[in-house]
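Structure first, commentary second.
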Amino acid sequence: MKRFKKIFGIALLLLVVLVCGAAVVNYPKLEIISGFSAKNMSSSVFLGNRSLEYTDKTDHNVPMVKLATDEIDLDKKYAIANVYGLKERKAIYREGLGSILVDEDFDEDKPFLAPNRTFSKIDEPYPYGALPQKDTVFEQLDYKKIESTVASIFDTNGVEEKKTRAVLVLYKDQIINERYIDGFDKHSKLLGWSMTKSILSTMYGVLQSQGKIDINSKAPIAEWQNDERKEITINNLLQMNSGLEWDEDYGSISDVTKMLYIDKDMTTPQIHKKAIHKPNENWYYSSGTSNLLSGILRKQFNTYQEYLDFPYREFIDKIGMHSMLIETDMAGNYVGSSYGWATVRDWAKFGSLYLHRGNWNGTQIFDPSWVDYVTTPSPTSDGDYGGHFWLNSGGFYPDAPKDMFSANGYQGQRVFIIPSKDLVIVRFGLIGDAGVDFNNFLKEIVSAVK
């Protein structure tokens, strides 16, 4: 009996040590977990018009995040979250700016500026206006195959493996297939995550076309002027080829998770990273680079209001993407790495703009050469990445056309643009390649276009 008690005591001690060790290791993560939960809950409720219960059951039903407990104040428009009562975080919703994760020092009562928007109704069919499309039948399309292929990436019979929420297929500016799960429709706003990077790139395309910036010029960062980083160009940043150190790990306390869920000013973390490679020698994906570019963009304007208005006035509202909203950080910067929301139809308009090489129903939003730029592979990216767009020139999707390029986001958000087939394909969901065979999906859609 004494021996048993001794063994039990040792086992209990080991258990206590393990529990305490796990607590010590994971405690710093709680701030990021509750930060993600509060921010995403606020955006989901106040931008996406979904409920707390639905968001908890779906978007937050993932490891670590599901440990958080959320509360919503519908009148004051904020969300708070904590993990077992620890590390409570708060996100507030501001009209025109979206949901902002705030800290204790943030002055919620201080007046704020918001973008000026122009919401015009044009008497033309989609995508150029708000009128219904004509019933056009293309003889070269296999409609049944397209229908079955789209249906194949949606879950059925209660199985939840693919988690697709919406798909839209646009051919020659005509919607030839559009499908949503229950609770979503053409009016639902969805978060594009890193598809926002391609929106940010387009802002640079507009400025470049207007002659107001030269992307081949050196990045205007004062902190870099006394070391080798002074050689980094805006082009290097757009191509993710600056050589700067960055840790893009979403499963740990990393550069990217600290930036998105702790930092007040998301445009600064990448500035303070050292150069570990020369420009053009090492491609590396960095959300910090995208937000640094948002900060550089802000410097191109004399006033903050001009910065806020620019993407909507010169691009987004011009093509009728009126549902789109790009959220800001605590310092008022657009979170160009991650936080763009819009309906599926408006995301498809974005793809159509690139399909038409910047021309929107006769108006040139940006120069056609910008499309050539963003689809030129970044050195050392193996043909997978261009100017803040993903490419297929290296054959990442072996059965899809090589000229395809796309805006990609976390969990398989996609806007595929296929010029050789006059196709734009949009997919939204809660899981990416692990649940959906994008290569086969694209192969089947493309083969249905004769």
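Note: hydrogens, waters and symmetry copies are ignored here, and every other heavy atom, side chains too, is used. Please read these numbers as outputs of a predicted model, since none were measured by experiment.
The salt bridge (Lys or Arg N to Asp or Glu O under 4.0 Å) with D59 is formed by just one residue from the set K163, K66, R165; it is R165. The only member of R117, K349, K121 that meets salt bridge (Lys or Arg N to Asp or Glu O under 4.0 Å) when paired with D317 is R117. Looking at Y304, Y307, F310 one by one, the single match for ring-ring contact (aromatic ring centres under 6.0 Å, His included) with Y334 turns out to be Y307.
A side-chain donor from one of E248 and S287 sits under 3.5 Å from a side-chain acceptor of the other. Y128 and D173 share a donor-acceptor pair across their side chains, judged by distance under 3.5 Å alone. Side-chain contact of R313 with N116: a donor-acceptor pair under 3.5 Å is absent, judged by distance alone. Using a 3.5 Å distance cut-off with no hydrogens or angles, the side chains of S252 and D249 do pair a donor with an acceptor. Of the N and O atoms on the side chains of N282 and T380, not one donor lies less than 3.5 Å from an acceptor on the other residue. Side-chain contact annotation: S378 with N241, donor-acceptor N/O pair under 3.5 Å present. Using modelled atom types and a 3.5 Å distance limit, the side chains of N177 and E147 yield a donor-acceptor pair. Between the side chains of S34 and N82, no donor-acceptor pair is found at a separation under 3.5 Å. Side-chain polar atoms of T233 and N236 form a donor-acceptor pair below 3.5 angstrom. Defined by atom type and a distance below 3.5 Å, a donor-acceptor pair is missing between the side-chain atoms of T267 and R298. Between W246 and Q270, the side chains place no donor N or O within less than 3.5 Å of an acceptor N or O (distance only, hydrogens not considered).
Residue K76 places its NZ atom among 12 or fewer non-hydrogen atoms of other residues, nucleotides or ligands, all under 6.0 Å distant. For K145, the NZ atom counts as densely surrounded, since its 6.0 Å shell holds more than 12 non-hydrogen atoms of other residues, nucleotides or ligands. Atom NZ of K134 is surrounded by 12 or fewer heavy atoms from other residues, nucleotides or ligands within 6.0 Å.
Interatomic distance, NZ of K197 versus OG of S337, reported as 5.0 Å (0.5 Å rounding). Taking CG of L141 as the start and CD1 of I146 as the end, the distance is 5.0 Å to the nearest 0.5 Å. In this structure, CZ in R50 is found 13.0 Å from CG in D56, a value given to the nearest 0.5 Å. Rounded to the nearest 0.5 angstrom, T363 OG1 and N361 CG are separated by 7.0 Å. Atoms OG1 and CG, on T328 and N333 in that order, are 8.0 Å from each other to the nearest 0.5 Å. Taking NE2 of H60 as the start and CD1 of I33 as the end, the distance is 12.0 Å to the nearest 0.5 Å.
For the pair R414 and F438, the cation-pi test (distance below 6.0 Å, angle within 45°) is passed. For the pair K90 and Y78, the cation-pi test (distance below 6.0 Å, angle within 45°) is passed. Cation-pi geometry between R345 and Y126 is met: under 6.0 angstrom from the ring centre, within 45 degrees of the axis. The cationic atom of K39 (NZ for Lys, CZ for Arg) lies less than 6.0 Å from the six-membered ring centre of Y339 and within 45° of the ring axis.
Salt bridge status for K273 with D255: present, with a side-chain N to carboxylate O gap under 4.0 Å. A salt bridge links E314 and K318; the closest N-O separation between the charged side-chain nitrogens and carboxylate oxygens is under 4.0 Å.
Using modelled atom types, one side-chain atom of N392 and one backbone atom of A400 make a donor-acceptor pair closer than 3.5 Å. E306 places a side-chain N or O within 3.5 Å of a backbone atom of N302 that can act as its donor or acceptor partner. N157 places no side-chain N or O within 3.5 Å of a backbone atom of V159 that could act as its donor or acceptor partner. No side-chain donor-acceptor contact under 3.5 Å links E178 to the backbone of V169. Of the possible polar contacts, one joining the D155 side chain to the K162 backbone as a donor-acceptor pair under 3.5 Å is found. With hydrogens and angles ignored, the 3.5 Å screen pairs no side-chain donor or acceptor of D265 with any backbone N or O of A331.
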Can you check side chain to side chain contact (heavy atoms under 4.5 Å, CB included) on K87 and V83, steps first, answer last? CA-CA 7 Å; K87 293 291 185 179; V83 182; over 6 Å; no
Test side chain to side chain contact (heavy atoms under 4.5 Å, CB included) applied to Y312 and L325, step by step: CA-CA 9 Å; Y312 296 105; L325 189 144; 4.2 Å; yes
In sequence, state the C-alpha distance, the side-chain angles, and the governing distance for V415 and S406, and then conclude on side chain to side chain contact (heavy atoms under 4.5 Å, CB included). CA-CA 5 Å; V415 176; S406 58; 5.9 Å; no
Test L355 against V424 for side chain to side chain contact (heavy atoms under 4.5 Å, CB included), laying out the working first. CA-CA 8 Å; L355 190 68; V424 172; 4.1 Å; yes
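Using bins of under 30°, 30° to 60° and over 60° for the plane-to-plane angle, the ring pair F366/Y354 lands in the tilted bin. The aromatic rings of Y385 and Y285 sit perpendicular to each other, their planes meeting at more than 60°, with 30° as the lower class boundary. Relative ring orientation between F405 and F389 is described as perpendicular, the plane-to-plane angle rising above 60° on a 0-90° scale split at 30° and 60°. Between Y261 and F36, the two ring planes are perpendicular [angle over 60°; tilted spans 30° to 60°].
Counting heavy atoms from C-beta outward, T343 and D346 have side chains that approach closer than 4.5 Å. Taking 4.5 Å as the limit, every side-chain heavy atom of W193 sits out of range of all side-chain heavy atoms of N408.
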